[in-house]
Amino acid sequence: MSDRHYTVIAACGSSIATSTLMASKIEELFKKNNIKGTVIKSSLNNLEENIKAVKPDLVITSFDPKRNFGVPVIVGLPYITGIGKSELDKKILEILKEKS
């Protein structure tokens, strides 16, 4: 990865439990891979507003919002269930690498 600073939004229904867990997993991934980044939590209701405000590199949601926000959006359910976590990690790293 480059020295670039990445911004990721973790979004769930209320921006409390699920987005906090996803944000924690993303921060662990950043640390493990020496990636400089910020993870911002958001509710799905405020997601569009937050995307416009911070212009993230990636959005990770608790479920597919079925909308195009102009940035990559992936479902972070594997961070909740533990099933498919390594594949999700790889997908996040691939998307961020494309942004560098």
Participant: Please list, chain by chain and in numerical order, all residues satisfying salt bridge (charged side-chain N to carboxylate O under 4.0 Å, His left out) with Lys66, sequence neighbours excluded.
Facilitator: Asp64

Participant: Which pairs count as side chain to side chain donor-acceptor pair (under 3.5 Å) when at least one residue sits in residues 53-62, sequence neighbours excluded?
Facilitator: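 Listed by first then second residue: Arg4-Asp57.
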
Participant: Who are the side-chain contact (heavy atoms from CB on, under 4.5 Å) partners of Pro72, not counting sequence neighbours?
Facilitator: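 Only Leu58, Ile95, Lys99 meet the side-chain contact (heavy atoms from CB on, under 4.5 Å) criterion with Pro72.
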
Participant: Just jot down the side-chain contact (heavy atoms from CB on, under 4.5 Å) partners of Thr81, sequence neighbours excluded, or say none.
Facilitator: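 In terms of side-chain contact (heavy atoms from CB on, under 4.5 Å), with neighbours along the sequence ignored, Thr81 is linked to Leu77, Ile83.
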
Participant: When clusters are formed from ILVMFWY side-chain contacts under 4.5 Å, directly or step by step, what else is grouped with Leu44?
Facilitator: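 Leu44 clusters with Ile9, Ile40, Leu47, Ile51, Val54, Val59, Phe63, Phe69, Val71, Val73.
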
Participant: Who are the salt bridge (charged side-chain N to carboxylate O under 4.0 Å, His left out) partners of Lys52, not counting sequence neighbours?
Facilitator: Glu48

Participant: Could you list the residues that satisfy side-chain contact (heavy atoms from CB on, under 4.5 Å) with Asn45, not counting sequence neighbours?
Facilitator: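 Expected list: Ser43.
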
Participant: Just so I know, are the side chains of Tyr6 and Thr38 near enough to count as touching, which here means a heavy-atom distance under 4.5 Å?
Facilitator: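 Tyr6 does not reach Thr38 side chain to side chain.
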
Participant: Quick check for you: to the nearest 0.5 Å, what is the distance between Ile35 atom CD1 and Ile92 atom CD1?
Facilitator: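 Separation between the atoms: 9.0 Å.
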
Participant: What pairs of donor and acceptor atoms, side-chain ones from residues 13-29 against any protein atom, are under 3.5 angstrom apart with sequence neighbours left out?
Facilitator:
unit_1	atom_1	unit_2	atom_2	d
Thr20	OG1	Ile16	O	2.3
Thr20	OG1	Lys41	NZ	2.9

Participant: With sequence neighbours excluded, what pairs up with Lys85 under the salt bridge (charged side-chain N to carboxylate O under 4.0 Å, His left out) test?
Facilitator: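 Lys85: salt bridge (charged side-chain N to carboxylate O under 4.0 Å, His left out) contacts with Asp89.
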
Participant: Only pairs at least two apart or in different chains count here, so list each salt bridge (charged side-chain N to carboxylate O under 4.0 Å, His left out) that has a residue in residues 68-78.
Facilitator: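 Counting only pairs at least two positions apart or across chains, no salt bridge (charged side-chain N to carboxylate O under 4.0 Å, His left out) contact touches residues 68-78.
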
